[in-house]
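Structure first, then comments.
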There are 2 protein chains.
Amino acid sequence: MGEQLRRRPTLADVARMAGVDTSLVSRVLRNDPRGFASAETRERIRAAAQEVGYRANAAARGLRSARTMTLGLLLPGFSSPVYASIAHGVEERAGQHGYGLVLGTHAAGDPHETITDMLMHGRVDGLLVASGRIEDRALRRLVGQVPQSVVLVNRQVRGVAASVVLRDADASAVAVAHLAELGHRRICGIFGPGGLDTMVRRRLGFLAECREQGVEPAVVEMAERDQRAGFDGVGRALARDPRPTAVVAGTFPMAVGALAGLHDAGIAVPRQMSVVALHNDGLADYLVPRLTAVAMPTERLGAEAVELALALVNGGEPRRVVVPDPPRLVRRESTAPLISND
Amino acid sequence: MGEQLRRRPTLADVARMAGVDTSLVSRVLRNDPRGFASAETRERIRAAAQEVGYRANAAARGLRSARTMTLGLLLPGFSSPVYASIAHGVEERAGQHGYGLVLGTHAAGDPHETITDMLMHGRVDGLLVASGRIEDRALRRLVGQVPQSVVLVNRQVRGVAASVVLRDADASAVAVAHLAELGHRRICGIFGPGGLDTMVRRRLGFLAECREQGVEPAVVEMAERDQRAGFDGVGRALARDPRPTAVVAGTFPMAVGALAGLHDAGIAVPRQMSVVALHNDGLADYLVPRLTAVAMPTERLGAEAVELALALVNGGEPRRVVVPDPPRLVRRESTAPLISND
DNA sequence: GTGAAAGCGCTAACAT
DNA sequence: ATGTTAGCGCTTTCAC
């Protein structure tokens with residue numbers, strides 16, 4: 001019959017119940033190698049803990065050990081499928097290491113505030129920044145204060161040594177190569193703002209592969225990278241002379257918007273215009289037509305970011321990581337061989 | 001010239017620098033009403049804190065005050081637009097109250113583990129459960145252990161007293177009324193699993209409004225509520241005899257799937273079949289055709305859940321809240337007047 | 001194999 | 001208006 005406690009049970013409660021000292025309870029419950037209690041005592045302690053429903057208080061533990069076992073993840077918002085996927089990868093891998101996740105977005109407030117609060121108050125052991133929107137300067141300033149624990153996700157910034165990115169240039173190349181193989185010779189790339197380094201890499205990869213393939217490239221640069229930007233961007237692509245016969249959209253939402261824009265313009269996809277998205281998403285199979293896309297390992301991106309962050313937390317050196325998995329073409333219905341040359 | 005500290009500055013550092021006691025620093029920095037320091041001292045303390053870059057240690061503060069200033073949010077995953085929107089509402093409102101957000105999903109692991117960990121270890125002051133997938137029993141068990149701090153979001157469970165839901169039945173009614181006004185007399189509702197209480201309410205509202213409007217209802221119940229379920233579900237709807245002339249999809253992704261399914265079946269929307277989605281999303285404007293949808297106040301749902309949780313944390317009584325904002329029809333291109341009776 | 005004691009950084013009750 | 005004191009619950013030497 002355990003005494004009924006009104007308050008949260010503490011180590012002391014368990015210790016009293018098992019007739020041992022708190023320190024021993026602590027060691028046993030954490031499987032501390034230095035806590036080699038006799039099998040019998042161990043059992044008694046475990047039973048007592050079980051009985052009162054003991055749960056270590058995270059604050060006390062964190063205060064004492066200076067480890068929160070929590071990682072922070074800073075996102076631009078919850079909406080984009082790419083960020084959802086990254087977040088999923090982060091959460092899963094963090095969980096495998098026994099780490100929890102504190103989430104912050106900066107859709108509304110001042111990004112630098114959020115960042116500062118999480119790291120500076122010691123709420124998290126490390127911070128993953130997966131937002132393209134925070135200014136480089138703010139980032140450098142932050143990292144100047146706590147260099148050991150900030151990892152950039154899907155982004156590189158001069159002066160920040162720890163980052164994980166994907167093979168963006170190769171993704172563009174895969175898209176272009178696919179279209180070239182289908183016979184397209186005038187391809188338009190619709191990209192987001194040139195200030196975002198993913199976009200820079202994708203555009204460079206696009207241009208390089210066009211040259212490689214003997215394809216005439218056109219580039220449209222938009223101020224955003226959402227559906228509307230794709231919708232508007234494809235209008236600009238159609239105005240080009242000579243008109244391209246295929247489009248590479250810099251993001252998945254842009255491709256969705258491009259599809260809508262082409263439909264509104266009365267251009268049939270893929271008969272009159274082929275469309276490829278950079279990044280894949282479950283939605284692709286439910287669009288009309290089903291969207292050909294270049295799949296990128298976004299979950300793994302999140303997972304690798306966690307690994308790097310934990311390495312830093314444990315005193316490792318900052319590194320620039322490129323997730324090695326190659327981008328992979330998922331062929332669906334929005335691309336087809338070039339038919340007429342006009 | 002401030003001494004350069006290697007370690008994180010603490011209250012004691014600031015106190016020493018300002019030539020006062022730590023307790024005074026604590027009070028001044030928190031604007032504690034009982035800490036009426038002289039303007040001059042206050043300034044000195046603020047300056048010192050600024051100089052060394054003092055940030056209160058969250059663990060120590062949490063340990064002492066038994067408040068973490070953090071809320072937990074349990075989601076089924078990051079993908080669904082509805083959950084993204086709820087999460088956004090939660091984060092924003094929590095932030096307004098100075099609360100941070102710990103995120104947990106249970107896409108992969110055992111949901112009850114995640115829940116337990118967050119609440120039981122005192123990492124969060126309250127927990128918002130926005131997952132339809134966790135079994136009622138597990139939920140009741142959890143709430144039995146920590147009744148004061150668990151709020152169900154978009155869900156009601158017998159035995160759990162604190163919850164916030166939307167006017168689901170009214171959303172269905174809005175959709176049906178719209179279709180009835182367009183002349184439709186045979187409407188099919190495609191819903192997710194009957195075990196989810198949102199789905200129950202939407203189906204009931206659907207049937208009630210059909211009766212009200214003198215419309216012949218058909219109901220298709222799917223095991224999921226994603227795009228695929230909508231795709232497959234619309235196939236089942238088409239097989240009904242007499243064939244319905246309009247479809248109400250129980251979720252937004254289901255409507256997306258339904259659109260795709262109808263296209264594959266060669267049924268023109270809205271000429272041959274009207275489609276309405278329950279819940280709205282930015283994607284609606286970029287589908288072909290643009291999707292008519294019933295907008296529901298999901299961000300506010302999240303915000304209200306935060307309010308309720310904080311009320312509980314502060315000793316308030318659990319309540320069942322229904323967000324009062326009425327569902328609102330957003331008319332786009334996927335619905336049209338009934339043309340032929342066959 | 002187990003216990004005693006100190007202290008992480010902060011807040012709050014009680015002085016003065 | 002400011003300082004003293006105690007202690008939140010845990011981990012960690014160091015002793016025995």
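Throughout, protein chains are lettered first and strands after them, A, B, ... in sequence-line order, and every chain is numbered starting at 1. Hydrogens, waters and symmetry mates play no part in the numbers below; they use all other heavy atoms, side chains included.
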Round to a whole Å and report the spacing from CG of Leu24(B) to P of dA12(C).
14 Å
Under the side chain to side chain donor-acceptor pair (under 3.5 Å) rule, collect the residues that match up with Arg140(B), sequence neighbours excluded.
none
Glu307(B): side chain to side chain donor-acceptor pair (under 3.5 Å) partners, not counting sequence neighbours:
Arg93(B), His97(B)
Residues that Asp197(B) engages under salt bridge (Lys or Arg N to Asp or Glu O under 4.0 Å), provided they are two or more places apart:
Arg201(B)
Send over the distance from Arg16(A) CZ to dG9(D) P, rounded to a whole Å.
12 Å
Please list, chain by chain and in numerical order, all residues satisfying side chain to side chain donor-acceptor pair (under 3.5 Å) with Thr70(B), sequence neighbours excluded.
Arg123(A)
When the distance from CZ of Arg123(B) to P of dG9(D) is rounded to whole Å, what number comes out?
17 Å
Please set out all donor-acceptor pairs under 3.5 angstrom arising from side-chain atoms of residues 315-325 of chain B, sequence neighbours excluded.
from: Arg320(B); atom 1: NH2; to: Val160(B); atom 2: O; distance (Å): 3.4
from: Asp325(B); atom 1: OD1; to: Arg300(B); atom 2: NH1; distance (Å): 2.4
from: Asp325(B); atom 1: OD2; to: Arg300(B); atom 2: NH1; distance (Å): 3.4

Send over the distance from Arg44(B) CZ to dA1(D) P, rounded to a whole Å.
14 Å
Taking side-chain contact (heavy atoms from CB on, under 4.5 Å) as the test, write out the residues that go with Ala305(B), two or more places apart.
Leu128(B), Val151(B), Val153(B), Val164(B)
Partners of Glu299(A) by side chain to side chain donor-acceptor pair (under 3.5 Å), sequence neighbours excluded?
His88(A)
Expressed as a whole number of angstroms, how long is the span from Asp21(A):CG to dT12(D):C1'?
12 Å
Keeping Asp125(B) on the side-chain end and Thr68(B) on the backbone end, is there a donor-acceptor pair under 3.5 Å?
yes
Bending between helix ends of the helix from dG1(C)-dC16(D) to dT16(C)-dA1(D) [5 pairs per end, 10° resolution]
30°
Rounded to whole Å, how long is the line connecting atom CG of Asp13(A) with atom P of dG9(D)?
9 Å
All N/O pairs under 3.5 Å across the protein-nucleotides 8-11 of chain C interface:
from: dG9(C); atom 1: N2; to: Ala60(B); atom 2: O; distance (Å): 3.4
from: dC10(C); atom 1: OP1; to: Tyr54(B); atom 2: OH; distance (Å): 2.5
from: dC10(C); atom 1: OP1; to: Asn57(B); atom 2: N; distance (Å): 3.2
from: dC10(C); atom 1: OP2; to: Leu11(B); atom 2: N; distance (Å): 2.5
from: dT11(C); atom 1: OP1; to: Arg61(B); atom 2: NE; distance (Å): 2.6
from: dT11(C); atom 1: OP1; to: Arg61(B); atom 2: NH2; distance (Å): 3.2
from: dT11(C); atom 1: OP2; to: Ser26(B); atom 2: OG; distance (Å): 2.7
from: dT11(C); atom 1: O2; to: Arg64(B); atom 2: NH1; distance (Å): 2.4

